[in-house]
Every structure is written in C-alpha cells, then in structure tokens.
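Heads up, the thing below is written out as structure tokens.
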Amino acid sequence: MEQLQLLDRIFEKYPKMSKGHKAIADFVVDHMDEAAFMTAAKIGQKLNVSESTVVRFATGIGYDGFPAFQDALAESFKARVNRGKDMDVKMERTNPSNVLDSILKLDIANIQNTISALDAATFEMAVKIISEAEHVYICGLRSNAPLASFLHYYLNMARGNAILLNTTSVSETFEQMMHIGKKDVFIGISFPRYSMRTLKAMELASDRNAKVIALTDSLNSPMCLYSSCNLVASTESLSIIDSLVAPMSVIQALVVALCLKNKETVRNNLKLLQETWNNYQVYSNDEIDFMGDDHTLN
C-alpha cells in the first residue's frame with residue numbers, strides 16, 4: 001500500500017467506500033487545489049460530514065492519520081503543478097516551424113500504441129454488447145464531450161436508442177439514467193484527468209446490472225473499476241490539448257463494425273433520414289447524396 005500514490009489509493013478503495021467517504025473522495029479528486037489547503041474540520045464542514053469521518057477516510061485509504069493524508073495531498077497537488085510546468089517545457093522545446101510534423105507524428109504513434117494495446121477480442125465483445133443492448137447510455141465530460149457526442153450521433157444512425165448524458169450535474173446524470181437496467185449498456189469515456197462524475201455514473205450502471213464499457217487510456221485507469229469491457233487508446237500530447245485521434249479512431253471502428261453487423265437497420269435509418277430531409281427541405285439535392293450507388297452498404 002505504501003507505494004501507491006494518493007489518487008491510486010482513493011480509486012482502489014472507492015467501490016467499497018461508504019457514502020460519506022465517497023463524498024470526500026469526490027471532493028478531493030475534483031477539487032484537489034482547494035482540498036490541499038483545508039483542515040479535516042474544513043473539509044467536513046464543506047461536505048456536511050463530521051471531522052472524524054474525514055479522519056477515518058484518511059486512515060481508510062492507508063494513511064496513519066489526517067496529517068499524513070494532508071502531506072500526501074499537498075505532494076499530489078505539487079506534482080500536478082509540476083506536470084503543468086513540464087508541459088510548458090515541452091511546448092518551449094517544440095519548434096514552432098515544425099509543429100504540424102511533430103503533432104502528426106505523435107498522433108501516428110498514438111494510433112500505433114493503441115493498435116498494440118487494444119485486444120481484438122475485447123473490441124469484438126464491445127461490438128456485440130452494444131449491438132444487443134436495448135439502450136446505449138454514453139457519458140464523456142469536459143474534453144471527452146466531443147468523443148461522446150460523435151459516438152452518440154452515429155450510434156443513433158447505426159442502431160438507435162442511444163442516450164447522451166450531457167450534463168455536468170451528478171443528480172441530473174442520475175435522473176437521465178433512471179430507467180437503465182440489465183438489458184442496457186453504459187459507455188464511459190474518460191482520460192486523464194479522470195472524471196469522477198463519469199465514474200459515479202458507471203457505478204450506478206453497474207449497480208443496476210447494466211453492461212459497462214470503458215474507453216480510457218489504460219487498464220489501470222479508475223474507469224475500469226466498474227466496467228466488464230475495457231477499450232484503451234493512447235492520448236499522448238505535446239501541449240495542454242490531449243490528442244483525441246486514437247480514441248476517435250476506436251470509436252469510428254466501433255461504429256463501422258456495428259454498421260456492418262446491422263446493415264439492414266442502417267439502410268432503413270439512412271433512407272428514413274434522407275426522406276425526412278427531403279420532405280422538410282433541410283438540404284438541397286446537390287448538397288447531399290450519401291444514399292447514392294457509391295455509398296451503399298454491401
């Protein structure tokens with residue numbers, strides 16, 4: 001246990017934490033810059049739990065007491081600040097005249113690393129789970145929101161009944177998941193910094209016996225705590241902007257595989273969509289022709 005960093009300890013213990021301890025964990029992970037300078041009493045006051053509950057949380061994740069936990073919290077915050085400084089150094093070392101070449105080569109490396117890390121059988125399992133699910137719930141927050149939105153749009157076209165959880169409020173997320181059950185699948189998308197809100201939604205899905213799929217950066221990611229099918233993709237970057245190229249490629253592969261698995265459904269959906277567009281003059285005829293001979297599914 002001693003070799004584990006603060007966040008590793010929190011995520012390792014999280015599934016078995018009490019309600020009060022989970023509230024503390026959520027706060028520490030999402031607001032480390034604030035929590036690093038708060039006493040046990042202040043954290044308790046902030047979260048409406050007792051000071052002793054905060055102390056028990058610290059010992060529960062393996063520290064001798066709150067002072068040791070507070071030291072580790074300060075070190076984790078300092079490490080996060082230093083990572084920001086390291087990013088500044090990386091950016092300073094990047095030749096402005098060679099940015100395009102550097103970024104594209106790094107994205108190629110991310111895709112190659114993803115090919116090596118992503119198990120083909122796991123990918124096929126994900127396709128099967130999504131194809132057979134009654135409803136597909138999708139959650140990706142902050143910088144992961146574009147990935148979630150892209151997946152949602154094309155899953156609705158490929159199979160329908162896809163639900164995008166598009167709120168940053170935990171309570172509203174749970175409201176949108178009110179009817180999730182064992183016939184459904186939840187897809188959680190999160191890369192560092194990991195989203196505790198996404199993790200809590202995955203926990204709810206798991207508690208409701210829904211299938212859970214994670215799209216994240218590593219099998220050691222906390223997003224894998226509640227998932228039965230883990231899709232990994234590399235997001236290494238030279239700047240503050242995470243590379244979404246490899247995750248997007250994985251999502252595109254999922255959609256294409258689902259389209260090939262559900263050809264008739266996709267044909268009918270595309271036909272219905274184009275008829276709707278034509279009837280309501282959404283696009284002029286010369287703007288779109290994806291139903292032509294060159295775009296049919298064989």
Side-chain angles (χ1 to χ4, degrees), residues 3-5 7-12 14-15 29 79-80 83 86-87 90 101-131 133 136-152 154-155 158 185-196 198-199 201-203 205-206 211-261:
Q3 295 181 351
L4 291 177
Q5 299 298 315
L7 293 182
D8 294 326
R9 295 183 184 216
I10 290 175
F11 286 126
E12 182 186 71
Y14 191 84
V29 173
R80 181 171 291 179
R83 281 197 293 273
D86 291 341
M87 190 67 69
K90 279 186 178 181
D101 185 64
S102 298
I103 294 299
L104 293 181
K105 285 182 177 177
L106 184 57
D107 282 338
I108 290 171
N110 279 328
I111 291 177
Q112 290 174 334
N113 291 336
T114 300
I115 291 172
S116 300
L118 185 53
D119 180 62
T122 302
F123 176 82
E124 290 300 326
M125 181 191 302
V127 173
K128 185 175 186 295
I129 291 172
I130 296 170
S131 179
V136 181
Y137 292 80
I138 305 164
C139 184
L141 303 176
R142 298 196 298 265
S143 61
N144 301 298
L147 295 172
S149 180
F150 183 89
L151 178 59
H152 170 253
Y154 283 104
L155 277 189
V185 59
F186 182 96
I187 303 175
I189 305 172
S190 188
F191 295 86
R193 296 174 51 193
Y194 302 113
S195 168
M196 188 61 83
T198 301
L199 184 67
M202 296 172 79
E203 180 184 15
S206 177
K211 301 288 194 305
V212 181
I213 297 173
L215 176 56
T216 188
D217 64 314
S218 164
L219 293 177
N220 295 321
S221 163
M223 295 302 115
C224 299
L225 284 173
Y226 299 106
S227 59
S228 57
C229 184
N230 304 309
L231 304 173
V232 296
S234 178
T235 59
E236 290 296 319
S237 175
L238 294 176
S239 72
I240 60 171
I241 304 173
D242 291 332
S243 172
L244 301 182
V245 171
M248 185 65 82
S249 294
V250 173
I251 288 173
Q252 184 176 348
L254 280 174
V255 172
V256 171
L258 286 162
C259 286
L260 294 174
K261 199 175 185 69

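From a predicted model like this one, the values you see are computed outputs, not experimental measurements.
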Using a 4.5 Å cut-off on heavy atoms from C-beta on, say whether the side chain of F191 contacts that of P247. yes

So L155 and H152, do their side chains get closer than 4.5 Å, heavy atoms only? no

Which is it for T114 and S234 under the side chain to side chain contact (heavy atoms under 4.5 Å, CB included) test, yes or no, and what are the steps along the way? CA-CA 6 Å; T114 300; S234 178; 3.8 Å; yes

Y194 side chain near L7 side chain, heavy-atom distance below 4.5 Å: no

Going by distance alone, is a donor N or O of one side chain under 3.5 Å from an acceptor N or O of the other, for D242 and T235? no

Decide side chain to side chain contact (heavy atoms under 4.5 Å, CB included) for V255 and L258; before the verdict, give the C-alpha distance in whole Å, the side-chain angles of both, and the deciding distance to 0.1 Å. CA-CA 5 Å; V255 172; L258 286 162; 5.6 Å; no

Value rounded to 0.5 Å, distance of OG in S149 from CG in N144: 12.5 Å

Any chance you could measure K211, atom NZ, to M125, atom CE, to the nearest 0.5 Å? 10.5 Å

Kindly compute the distance separating OH (Y14) from CG (L225), expressed to the nearest 0.5 Å. 9.5 Å

Straight-line distance of I115 CD1 to S249 OG, nearest 0.5 Å: 8.5 Å

Hey, does the side chain of S206 reach the backbone of M202 with a donor-acceptor pair shorter than 3.5 angstrom? no

Hey, are the side chains of L147 and I189 touching, using non-hydrogen atoms and a 4.5 Å cut-off? yes

Is there side-chain contact between L231 and L254, with heavy atoms separated by less than 4.5 Å? yes

Side chains of M223 and F11, heavy atoms from C-beta outward: is any pair under 4.5 Å? no

My understanding is that only residues two or more places apart in sequence, or in another chain, count here; which of them pass ring pair (Phe, Tyr, Trp, His ring centres under 6.0 Å) with F150? Y154

With a 4.5 Å heavy-atom cut-off, do L106 and S243 have their side chains touching? no

Testing the basics here: between V250 and F123, what is the closest heavy-atom pair and its distance to 0.1 Å? O-CE1, 4.2 Å

Residue that, paired with I213, satisfies side chain to side chain contact (heavy atoms under 4.5 Å, CB included) out of I138, I187, T122: I187

Quick one: does S227's side chain have a donor or acceptor within less than 3.5 Å of a partner on N230's backbone? no

From CD1 (I111) to CE (M248), nearest 0.5 Å: 11.5 Å

Determine yes or no for a side-chain-to-main-chain donor-acceptor pair under 3.5 angstrom, with T216 supplying the side chain and S190 the backbone. yes

Please lay out, stage by stage, how I129 and V185 fare under the test side chain to side chain contact (heavy atoms under 4.5 Å, CB included). CA-CA 7 Å; I129 291 172; V185 59; 3.6 Å; yes

Can you tell me how far apart NZ (K105) and CD1 (I108) are? Round to the nearest 0.5 Å. 8.5 Å

